[in-house]
Amino acid sequence: MDRENYMNALREDIVDTITRHLTPVAQRYGYSDMPLETNVKWRPMVLVIGNYSSGKSSLINEFLGAKIQDTGQAPTDDSFTVLTYDDTVPETEGIQVVEQRDGKSLLNDPEYPFSTLRKHGQRFAAHFQLKKINSPFLKNLAIIDTPGMLDSISERDRGYDYQEVLGDLAQKAGLVLVLFDAHKAGTVREAYKSIRETLTTHTFEDRIIFVLNRIDECTTFNDLLRVYGTLCWNLSQITGRKDIPMIRMTYSSNAAAISNSVPPEFLPLLENQREDLKQTILHTPLRRLDHLATYLEIHGERLAHYIEAIQVFGLEFQRFRIQKICIGLLLSLLGGGLIAFALLMLVGMADPTVLSSAGGISAGLIMIVWMAFPQKKLESKFRAARLADLDTLTPITDQTRKDSWGAIRDLVYEHLRANKGDYTLYDLKLDLFNIREINEEATHEIREALSGFRGKSEDDLKEWRKKRSARENDKHDLPWQDVII
Ligand SMILES: Nc1nc2c(ncn2[C@@H]2O[C@H](COP(=O)(O)OP(=O)(O)O)[C@@H](O)[C@H]2O)c(=O)[nH]1
Ligand SMILES: [Mg+2]
């Protein structure tokens, strides 16, 4: 219990750090339109994907301990369903759906991280829903059940881009389970497309778990080996890696029981794999913490780099501007002097007041003209030339800088080209200083809290919990300080 509290508190603190320190700066300078915490703010999520009839819903029901999701041979359930926890009805009254919400309200509720999915339109909204369930399995995570992948022809009739939705959800998920069924282990073409086109670009490989499901339908051990072998080969083709990804093998005992076939002899040997899979799923919150810490580090680093680039540009531009204004001043003084001199020599005007005011007015006029035309032209030329040579703006000293520059270059270009922003160089300096401080302190302390967590005993955590609640009312400015024991 304390372990869970500790994890939840640490997660909240990381999200809080992002919300309070990174997002305002990110939005102010156009680094990101949406709040950076949007994708990470909610509970850890497990996304379950696979061909239709691969047994996704049956396996989920098995984990939840009740028949919550519809199951069946035909692809009947064509909705994305978020399954989350609600304990307003006690477990003793049976595990059940406590509340249901439709996609439209879900996409518009800021409490949930799904607002980015609004772009998929009405048809998607009509196929998106949330169920609150009192199953203890969901205490610390949410599961997303998905409609099965169909062949590409039927895919076109969905009315929204299924692959893109999967990609967006995978980006938010702490774990992605990819299910294959023993019947059709060879038919992974559609799954292949989905995995390669969406998951690999959005999420890291360590978040994906492959599961060979419905193994009770293999009648003999040889049959199972054949199916397993085919799947391994297909997967290595898909991932493009020489090493074969780990594949877990399982089945839903409830579904198997109604199928009436005689269970194969090897089945008891693989019984433990379902428990193994269950434990892996239940560990998602901890993995998610690692992802969050990395998310904070990466965005902190990139944001600092982004502001640094804008600052360097601003400084260079300011230097250039001052230089050219000085030239304008010199020219106007020279011009004013010349006009006064001409008046004296050619017209013979000798009154010093008239001469100096004539010289002064002319100098002022020349300056106005200078500022209106040549100065403007020179400035826009400078901008264009600097934008064309953007890569020299900040030093790229190592691979990390190279990666972060790769990620922000276009954003920096767009921002500078549009000449957006209502801020001063002083603002930039201050914000850069703050972000760098966050990067150094927060990431260090969060990593420490995370590594500390792994070695903590239940007693340590109890002690920590006490200290934390005692300090709850006395929040430090830096949120993560609260979680360091
Ligand atoms: N024998 C057996 N049948 C299963 C298993 N899992 C699912 N089924 C059956 O396969 C059909 C499709 O399952 P479902 O969970 O709806 O698959 P989904 O489309 O991936 O959600 C249902 O009729 C289930 O009863 C399993 O592990 N063993
Ligand atoms: Mg289903």
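Excluded from the calculations below are hydrogen atoms, water molecules and symmetry mates; all remaining heavy atoms, backbone and side chain alike, are included. All ligand and atom numbering here is 1-based and tracks the order in the structure.
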Any Gly50 heavy atom less than 4.0 Å from ligand 1
no

Atoms of ligand 1, numbered as shown, that sit under 4.0 Å from any heavy atom of Ser252:
6 (N), 26 (C), 27 (O)

Please determine which of Asp145, Ile133, Ile143 meets the side-chain contact (heavy atoms from CB on, under 4.5 Å) test together with Ile68.
Ile133

Pull out every atom of ligand 1 sitting under 4.0 Å from any heavy atom of Tyr251, numbered as shown with elements.
27 (O)

At a 4.0 Å threshold, what atoms of ligand 1 neighbour a non-hydrogen atom of Glu217?
1 (N), 2 (C), 3 (N)

In ligand 1, the atoms that come under 4.0 Å of a heavy atom of Tyr52 are 19 (O)

Identify, by atom number and element, the atoms of ligand 1 in contact range of Ser58, meaning under 4.0 Å from any of its heavy atoms.
6 (N), 7 (C), 13 (O), 14 (P), 15 (O), 24 (C)

With heavy-atom distances below 4.5 Å as the criterion, would you say the side chains of His21 and Ile435 are in contact?
no

Just which atoms of ligand 1 are under 4.0 Å from any heavy atom in Ser57?
15 (O), 21 (O)

Please tell me whether Asn8 and Glu12 have a donor and an acceptor in their side chains that are separated by less than 3.5 angstrom.
no

Does only the side chain of Gln69 get under 4.0 Å from ligand 1, or the backbone, or both, or neither? Count heavy atoms.
neither

Measure the shortest side-chain to side-chain distance between Asn61 and Ser252 over non-hydrogen atoms and say whether it is less than 4.5 angstrom.
no

With atoms numbered from 1 as shown, which atoms in ligand 1 lie under 4.0 angstrom from a non-hydrogen atom of Ser259?
1 (N)

Is ligand 1 under 4.0 Å from a heavy atom in the side chain of Thr71, in the backbone, in both, or in neither?
both

Between Lys131 and Gln69, is any side-chain donor less than 3.5 angstrom from a side-chain acceptor?
yes

Going by the atom numbers of ligand 1, which of them fall below 4.0 Å from some non-hydrogen atom of Gly55?
6 (N), 7 (C), 13 (O), 14 (P), 15 (O), 17 (O), 18 (P), 20 (O)

Using a strict threshold of under 4.0 Å (side-chain N to carboxylate O), is an ion pair present between Asp290 and Arg447?
yes

